[in-house]
Amino acid sequence: MSSTILLENPEAGIAVLTLNRPDKLNALSWEMLNAFQAALDTAESNADVRVLILRGAGDRAFAAGADIAGYEGRREREFMDFQFAGRRLNDRLEAFPKPTIAAVNGFALGGGFEIVLCCDLIVVATTARLGLPEGLLGLSPGGGGTQRLMRSLGRHATAELLLTAWRMKGERAYQLGLAAALCEPEELMSTALEKARAMLKVAPKALTEMKRLVRLGADAALPTALAFEQEVLFRLYCSEDGQEGIDAFLEKRSPQFKGA
Ligand code: COA
């Protein structure tokens, strides 16, 4: 594992991926994008990982964006390759088969915020500052930020954040419903872990399917999304875990889910 991306298993079922370049506010370099993909490979194939928490090292940032140093010199081909790699990573993270939680302390700007937006749950500290300030560089976001934010917050809140290069405070992200929890910075990991533990009680297949329902439903027409929802339920009802959940409830015991 690269030193700029760390992957740990603090407790059964939960992995924590840390963006680890604190001296540069965890700004995302080429090397980090590759290491991030490798960490996702590991977390995806490890059956003991059921929930993935993402965070930034240090107390100043989740990630302050793409590594602007790598943008210098008008190397257009390289710039585009980097952008495509970032987009591939974000698309994969959004579709990751296990639920993801972004734990945000300090700056989550540009590409850092775009990663956060690909996670299923967002937990913020009061110190969080979230934004897409690329306009200040004469650029615009390119890793899905404009479109994912619009799907989360709607057109006008997104326009405000983009057009004023606003760094939204954690409190506001929580008020707007973007963040699932708001806490003091020292409680950030315990808050994220609490959400992850709640997910561990949900049957694994149901977790994956409901994650997919939320993601695909956001872009589908309502009749299509509703048909998809019922198809998922019928499939889960016929699954071993679906039957186990019903039996366990009626027998007044805890279910033993096998992910089947
Ligand atoms: N890319 C590369 N390096 C970055 C970076 C980025 N996106 N964001 C911060 N850094 C580096 C700084 O260059 C500095 O490095 P140095 O100590 O070697 O000079 C270090 O991280 C600390 O940042 P600094 O700017 O000194 O901290 P600050 O508290 O004064 O400002 C920010 C913090 C986040 C407001 C400021 O760093 C910033 O605006 N970063 C860029 C944000 C951005 O535009 N992101 C979108 C990128 S497309």
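In listed order, ligands and their atoms are each counted from 1.
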Taking atom 31 (O) of ligand 1 as the point of reference, which of Arg129, Arg60, Arg21 owns the nearest heavy atom?
-> Arg60
Contact bool for atom 6 (C) of ligand 1 (protein heavy atom, d < 4.0 Å) = yes
Are Val51 and Ile122 connected in a single hydrophobic cluster, I mean Ile/Leu/Val/Met/Phe/Trp/Tyr linked by side-chain heavy atoms less than 4.5 Å apart?
-> no
Between Arg167 and ligand 1, which part of the residue brings a heavy atom under 4.0 Å of the ligand: side chain, backbone, both or neither?
-> side chain
Within a distance of under 4.0 Å, is there any protein heavy atom near atom 29 (O) of ligand 1?
-> yes
Looking only at heavy atoms, is any part of Ala27 under 4.0 Å from ligand 1, and if so is it the side chain, the backbone, or both, or is it neither?
-> side chain
Any chance you could lay out the side chain to side chain contact (heavy atoms under 4.5 Å, CB included) test for Lys211 and Glu94, step after step, and finish with the verdict?
-> CA-CA 9 Å; Lys211 168 171 176 155; Glu94 186 178 51; over 6 Å; no
Under 4.0 Å from any heavy atom of Leu109, which atoms of ligand 1 are there?
-> 34 (C), 42 (C)
Of the listed options Leu25, Leu136, Leu139, Leu132, closest to atom 23 (O) of ligand 1 (non-hydrogen atoms) | Leu25
Could you check atom 1 (N) of ligand 1 against the protein and tell me its nearest heavy-atom contact, residue, atom and distance included?
-> Ile68 N, 2.9 Å
Thr126 side chain to Glu171 side chain, donor-acceptor N/O pair below 3.5 angstrom = no
Are Thr4 and Asn20 linked by a side-chain donor-acceptor pair shorter than 3.5 Å?
-> no
Flag the pair Arg60 and Asp23 as a salt bridge only when some basic side-chain nitrogen lies within less than 4.0 angstrom of an acidic carboxylate oxygen.
-> no
State the atoms of ligand 1, each with its element, that fall below the 4.0 Å cut-off from a heavy-atom position in Asp67.
-> 1 (N), 2 (C)
Glu134 contact mode with ligand 1 (heavy-atom cut-off under 4.0 Å) | side chain
Might you check, step by step, whether the distance between atom 10 (N) of ligand 1 and some protein heavy atom is under 4.0 Å?
-> yes
Taking only heavy atoms of Asp23 into account, list the atoms of ligand 1 that are under 4.0 Å away from them.
-> 20 (C), 21 (O)
Is the distance between the ring centroids of Tyr71 and Phe79 less than 6.0 Å?
-> yes
Which is closest to atom 42 (C) of ligand 1 by heavy-atom distance: Gly106, Ala64, Gly112?
-> Ala64
Establish whether atom 26 (O) of ligand 1 and some protein heavy atom are separated by less than 4.0 angstrom.
-> no
Would you check if there is a donor-acceptor pair between the side chains of Thr18 and Arg55 at a distance under 3.5 Å?
-> yes
Nearest heavy-atom contact between Ala248 and Ser254 is CB-C, 4.0 Å
Check ion pair Glu209-Lys205 (N to O, under 4.0 angstrom) = no
Identify whether Leu139 and Leu33 are in the same connected component of the hydrophobic contact network (ILVMFWY, side-chain heavy atoms under 4.5 Å).
-> yes
Kindly state if atom 38 (C) of ligand 1 has a protein heavy atom within a strict 4.0 Å cut-off, that is, under 4.0 Å?
-> no
Short check: is a protein heavy atom less than 4.0 Å from atom 18 (O) of ligand 1?
-> yes
Among all protein heavy atoms, pick out the one at the shortest distance from atom 15 (O) of ligand 1; state its residue, atom name and that distance to 0.1 Å.
-> Lys24 NZ, 3.4 Å
Considering all heavy atoms, the nearest Pro141-Glu134 contact = CG-OE1, 3.6 Å
